[in-house]
Amino acid sequence: MEKLVLPLILLVIFSIFFVEAVAIVPKFVELQCKRTRYPNLCASSLAAHLNPKSQDPQEIAQVALKVSIVKAVYTKNYLRIVSKELEQKKTKEYQVVKDCLDQMSDSVSQLTNSFKELQRMKSVEYSEGDFAWCQSNVQTWLSTVLTDSYICMDGFDGYPMSGKMMAMIKARVLNVAQVTSNTLALFNGYAAWHRANSNAGNGGYGKKEP
């Protein structure tokens, strides 16, 4: 059953993100993206997929997570193609690409786990202890994706691969790291907002910043 869950989740996400469109960035999204390390990338990657009127921090974090999943899956598929090509040619670069593919596959799993955990965090039945546990899980998994991405890129040092192929791999892996860094920042913002509003008992994200 677990093996079926992952493809179904990815199918839903890809059906939403199949077409990337240019969209006007809502002011609220722009403000939240200023919290991230890559604010321009954050705004451009989220704008087309968010309700322009949304001021829901969980929705923003969830859409950011979907973006990370899509980028990671695309990169994983590209690495699989390159890996097979290098294996057929029996080049020494095959192993480092295969290692990177394994790390990116792990990243897709970590991101998918994060998506499922964030879905569970919507439950009104969750206690603050449950929320804190889920928060820790998501933060750990997203941090692992960042670690995997940078280990992958560092692994190519010293390998005389084709300049174009090397640049393409590094660019795609770096993009996964950047959007995931943004996702982690937005998720942390959502978690802080949740704690603030749980303590206050009321209030809105648009009125009180985390």
Side-chain angles (χ1 to χ4, degrees), residues 6 9-10 13-14 17 20 29 32-47 49-50 57-80 82-83 95-121 131-159 161 166-195 210:
L6 175 58
I9 290 175
L10 294 179
I13 291 172
F14 272 80
F17 286 81
E20 293 253 349
V29 173
Q32 301 317 305
C33 283
K34 287 183 178 179
R35 305 167 182 269
T36 68
R37 181 169 294 182
Y38 310 100
N40 292 335
L41 176 62
C42 173
S44 63
S45 63
L46 298 184
H49 308 297
L50 275 169
Q58 187 179 46
E59 181 185 359
I60 291 176
Q62 187 164 297
V63 171
L65 188 48
K66 290 177 182 178
V67 170
S68 290
I69 292 173
V70 170
K71 299 294 186 183
V73 171
Y74 279 150
T75 301
K76 173 187 170 181
N77 290 340
Y78 176 73
L79 286 167
R80 180 182 289 120
V82 173
S83 175
Q95 190 56 53
V96 70
V97 175
K98 178 62 168 57
D99 290 343
C100 187
L101 172 59
D102 291 342
Q103 287 154 349
M104 194 54 57
S105 296
D106 179 64
S107 292
V108 171
S109 297
Q110 303 283 1
L111 289 165
T112 305
N113 287 338
S114 298
F115 179 81
K116 292 188 287 187
E117 200 80 327
L118 187 54
Q119 290 289 97
R120 284 193 282 268
M121 292 169 78
F131 186 94
W133 172 257
C134 289
Q135 177 186 343
S136 176
N137 287 339
V138 174
Q139 289 170 330
T140 298
W141 291 330
L142 294 180
S143 296
T144 299
V145 174
L146 294 176
T147 300
D148 284 345
S149 297
Y150 287 111
I151 288 176
C152 170
M153 288 187 286
D154 290 344
F156 288 100
D157 291 346
Y159 281 86
M161 291 175 63
M166 174 77 79
M168 182 67 74
I169 291 175
K170 285 195 169 184
R172 293 192 180 208
V173 175
L174 178 60
N175 187 242
V176 172
Q178 290 175 335
V179 295
T180 302
S181 171
N182 287 346
T183 297
L184 180 56
L186 293 169
F187 174 78
N188 286 339
Y190 156 62
W193 168 85
H194 174 86
R195 288 194 302 272

(request) With sequence neighbours left out, write down each residue that passes side chain to side chain donor-acceptor pair (under 3.5 Å) with Asn175, or none if nothing qualifies. (result) none
(message) Tell me every residue that passes side-chain contact (heavy atoms from CB on, under 4.5 Å) with Thr180, counting only those two or more places apart in sequence or in another chain.
(response) Ser68, Leu111, Leu142, Val145, Leu146, Val176
(request) With the side chain counted from C-beta on, respond yes when Ser149 and Thr75 share a heavy-atom pair under 4.5 Å apart, and no when they do not. (result) no
(message) As an exercise, state the distance from CE of Met168 to CE of Met166, rounded to the nearest 0.5 Å.
(response) 13.5 Å
(message) Could you measure the distance from the CD atom of Gln178 to the OG atom of Ser45? Nearest 0.5 Å is fine.
(response) 10.5 Å
(request) Only counting residues at least two apart or in another chain, list the ones meeting side chain to side chain donor-acceptor pair (under 3.5 Å) with Thr36. (result) Asn182
(request) Apply salt bridge (Lys or Arg N to Asp or Glu O under 4.0 Å) to Asp102 and list each qualifying residue two or more places apart in sequence or on a separate chain. (result) Lys98
(message) Which residues pass the side chain to side chain donor-acceptor pair (under 3.5 Å) test with Asn40, not counting sequence neighbours?
(response) none
(request) Please report the shortest heavy-atom distance between Tyr78 and Ile169, naming the atom on each side. (result) CE2-CG1, 3.7 Å
(request) For residues Ala61 and Leu118, report the shortest heavy-atom separation together with the two atoms involved. (result) C-CD2, 4.1 Å
(request) Kindly write out the residues that satisfy side-chain contact (heavy atoms from CB on, under 4.5 Å) with Ser136, not counting sequence neighbours, or none if the list is empty. (result) Thr140
(request) Scan for salt bridge (Lys or Arg N to Asp or Glu O under 4.0 Å) pairs involving residues 172-186, sequence neighbours excluded, and state none if there are none. (result) none
(request) For side-chain hydrogen bond (donor to acceptor under 3.5 Å, both in side chains), just list the numbers for Asp99 and Gln103, CA-CA rounded to whole Å, side-chain angles, deciding distance to a tenth of an Å, and then say yes or no. (result) CA-CA 6 Å; Asp99 290 343; Gln103 287 154 349; over 6 Å; no
(request) Provide the closest heavy-atom pair for Met104 versus Leu79 in the form atom of the first, atom of the second, distance. (result) CB-CD1, 3.9 Å
(request) Quick one: list whatever passes salt bridge (Lys or Arg N to Asp or Glu O under 4.0 Å) with Lys170, sequence neighbours left out. (result) Asp157
(message) Within the 4.5 Å heavy-atom criterion, are Gln139 and Leu184 side-chain neighbours or not?
(response) yes
(request) Compare every heavy atom of Pro39 with every heavy atom of Lys34, then report the nearest pair and how far apart it is. (result) CA-CB, 4.3 Å
(message) So, taking the atom named NZ in Lys116 and the one named CG in Asn137, what distance separates them when rounded to the nearest 0.5 Å?
(response) 12.0 Å
(request) Identify the heavy atoms of Val173 and Cys152 that sit nearest to each other, and give their distance. (result) CG2-SG, 3.9 Å
(message) I'd like to know if the side chain of Ser181 and the backbone of Ala177 have a donor-acceptor N/O pair within less than 3.5 Å.
(response) no
(request) Could I get the full list of side chain to side chain donor-acceptor pair (under 3.5 Å) partners for Gln58, not counting sequence neighbours? (result) Tyr190
(message) Nearest 0.5 angstrom please: Leu186 CG to Gln32 CD, how far?
(response) 7.5 Å
(request) Give, for atom CD of Gln110 and atom OG of Ser143, the distance between the pair rounded to the nearest 0.5 Å. (result) 10.0 Å
(request) Not counting sequence neighbours, which residues clear side-chain contact (heavy atoms from CB on, under 4.5 Å) with Arg80? List them please. (result) Lys76, Asn77, Lys84, Leu101
(request) Step by step, work out the side-chain contact (heavy atoms from CB on, under 4.5 Å) result for Leu46 and Val67. (result) CA-CA 8 Å; Leu46 298 184; Val67 170; 4.2 Å; yes
(request) Indicate yes or no: at least one non-hydrogen side-chain atom of Phe156 is less than 4.5 angstrom from one of Val97. (result) yes
